[in-house]
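Within every chain, numbering begins at 1; the chains are lettered A, B, ... in the order of the sequence lines, protein sequences first and strands thereafter. For the numbers below, each heavy atom of this structure counts, side chains included, while hydrogens, waters and symmetry mates do not.
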There are 2 protein chains.
Amino acid sequence: MDNKSQNTKNDLCEVDCIHEGVVLQVKQNMLPDETLHEIGDFFKVFGDSTRLKILFALGEQEMCVCDLTAALEMTQSAVSHQLRVLRQSRLVKYRKDGKIVYYSLDDDHVVSILRQGVSHIGHRGDKNERTES
Amino acid sequence: MDNKSQNTKNDLCEVDCIHEGVVLQVKQNMLPDETLHEIGDFFKVFGDSTRLKILFALGEQEMCVCDLTAALEMTQSAVSHQLRVLRQSRLVKYRKDGKIVYYSLDDDHVVSILRQGVSHIGHRGDKNERTES
DNA sequence: TTAATATATGAACATGTATTCATATATTAA
DNA sequence: TTAATATATGAATACATGTTCATATATTAA
């Protein structure tokens, strides 16, 4: 099969080094774009230090918005905006007690992912030395 | 101790509902800012669908840049830029064979994290139907 | 040497996003 | 009811980031 002549996307790859079998297999096994975006969005939530702070804090115990605001030393608005992101990602849940809203982690899955992040950072310098900059 | 009177950041939290013990404990246990940023940067790498595609592809077998470019149907430049991000995060390694550069996952830790992402997406609707938009 | 080619990269641009500010909503107290 | 307050949120802004375009680098072939 000659896939060079039928390649309509000339700008994408005009080289001859393609391992056709590999490319074909990878394309067949690739998850659908929508799934990949969902996975990306999921990890993206863990990609901000403010949200990480909130998650680590809630990993210890449930906290109201005001506690979080004080603990993180940020504005209540900023905390609340990030809490909404965490809510929409189902990483935290909340309960209301009067006008106070208590947030907590939605499940232990979150803690296990956080741990993997910490672990990766912790063991990072193991194979290669890393000068702390 | 009255921490209201000594609170110099008036804009941050001017309420009385603070559970001092909780806040204090969380602040003491909180990871340093630099560490939190490093963890965030680590997860951020998994937060883009292009990089996820590359990682899933390399999870099957090592591939040269051209293979990846063809498999993802993207420009070589875009792939190469993302490969640099993955390289700098130590998620992929590479070997050169002539002018061809073969990339592969740096370790199995990466696969296990990817699996957690897939798993989270897969089980997402299990406990409750989506409430918030 | 020169030509061809696989990959890398700087700059520009467009889009995404975290924070701030102002304000809205909801609950309690008076 | 009104006042106080805990939280939520829309809009604006500033910054981060992914892709494209052009080009540089490195390697092989001629």
Quiz item: Using a heavy-atom distance cut-off of less than 4.0 Å, which residues of residues 55-62 of chain B contact DNA chain D?
Solution: none
Quiz item: Can you check whether Arg87(B) has a side-chain N or O nearer than 4.0 Å to OP1 or OP2 of dT9(C)?
Solution: yes
Quiz prompt | Euclidean distance, atom CD1 of residue Ile18(A) to atom P of dT7(C) [Å, nearest integer] | solution = 10 Å
Exercise. Whole angstrom is fine here: how far is it from CG in Asp97(A) over to C1' in dT27(C)?
Key: 11 Å
Quiz item: Roughly how far, to the nearest 0.5 Å, is the CD atom of Gln61(B) from the NE2 atom of His19(A)?
Solution: 9.5 Å
Quiz item: Passes side-chain contact (heavy atoms from CB on, under 4.5 Å), His81(A) versus Val85(A)? Steps please.
Solution: CA-CA 7 Å; His81(A) 275 295; Val85(A) 174; over 6 Å; no
Quiz item: Could you state the CD-P distance from Gln76(A) to dT23(C), rounded to the nearest angstrom?
Solution: 15 Å
Quiz item: What is the distance, rounded to the nearest whole Å, between atom OH of Tyr102(B) and atom P of dA26(D)?
Solution: 20 Å
Quiz item: What integer distance in Å separates Tyr94(B):OH from dT7(C):P?
Solution: 13 Å
Pairs under 3.5 angstrom, nitrogen or oxygen only, protein versus nucleotides 11-17 of chain C, please.
none

Quiz item: Would a hydrophobic clustering, with Ile, Leu, Val, Met, Phe, Trp and Tyr connected at side-chain separations under 4.5 Å, put Ile100(A) with Tyr94(A)?
Solution: no
Quiz item: For Arg115(A) and Ser119(A), what are the C-alpha separation, side-chain angles and deciding distance, and is it a side-chain contact (heavy atoms from CB on, under 4.5 Å)?
Solution: CA-CA 6 Å; Arg115(A) 258 200 282 268; Ser119(A) 156; 5.9 Å; no
Exercise. Would you tell me if any nitrogen or oxygen in the side chain of Thr50(B) comes within less than 4.0 Å of OP1 or OP2 on dG18(D)?
Key: no
Self-check item: Member of Val111(A), Ile54(A), Leu91(A), Leu86(A) meeting the side chain to side chain contact (heavy atoms under 4.5 Å, CB included) criterion with Leu105(A)
Solution: Val111(A)
Quiz item: In terms of the nearest nucleotide of DNA chain C, which residue is placed more toward the 5' end: Ile100(B) or Ser77(A)?
Solution: Ile100(B)
Quiz item: Does a side-chain N or O from Arg84(B) land closer than 4.0 Å to OP1 or OP2 of dT17(D), or not?
Solution: no
Quiz item: Hey, are the side chains of Ser104(B) and Lys93(B) touching, using non-hydrogen atoms and a 4.5 Å cut-off?
Solution: yes
Quiz item: With a 4.5 Å heavy-atom cut-off, do Leu68(B) and Leu58(B) have their side chains touching?
Solution: yes
Exercise. Measure the distance from CG on Asp67(A) to P on dT5(D) and round it to the nearest whole Å.
Key: 17 Å
Quiz item: Is Leu36(A) close to Met30(A) at the side-chain level, that is, under 4.5 Å between some pair of heavy atoms?
Solution: yes
Quiz item: Would you say Val118(B) and Phe42(A) make side-chain contact, with heavy atoms under 4.5 Å?
Solution: no
Self-check item: Heavy-atom side-chain contact between Val79(B) and Leu83(B) under 4.5 Å
Solution: yes
Exercise. Tell me which of Leu83(B) and Lys96(A) sits closer to the 5' end of DNA chain C, going by the nucleotide each one is nearest to.
Key: Leu83(B)
Practice problem: Check each of Arg87(A), Arg95(A), Glu62(A) against Tyr103(A) using the side chain to side chain donor-acceptor pair (under 3.5 Å) test, and report the only one that passes. | Solution: Arg87(A)
Quiz item: Starting at CZ of Phe46(A) and ending at P of dA18(C), how long is that distance when rounded to a whole Å?
Solution: 14 Å
Quiz prompt | Chi angles and distances behind the side-chain contact (heavy atoms from CB on, under 4.5 Å) call for Phe46(B), Val110(B) | solution = CA-CA 10 Å; Phe46(B) 292 91; Val110(B) 178; 4.2 Å; yes
Exercise. Could you please name the option among dA4(C), dT20(D), dA8(C) that lies closest to any side-chain atom of Lys99(B)?
Key: dA4(C)
Practice problem: Go through dA8(C), dT20(D), dT7(D) for me and flag the one nearest to the Cys66(A) side chain. | Solution: dT7(D)
Quiz item: Tell me: CD of Gln88(A) to P of dA18(C), nearest whole Å?
Solution: 12 Å
Quiz prompt | Watson-Crick or G-U stems involving DNA chain D, each at least 3 pairs long, distances under 3.5 Å, ordered by first number | solution = C:1-30 with D:1-30
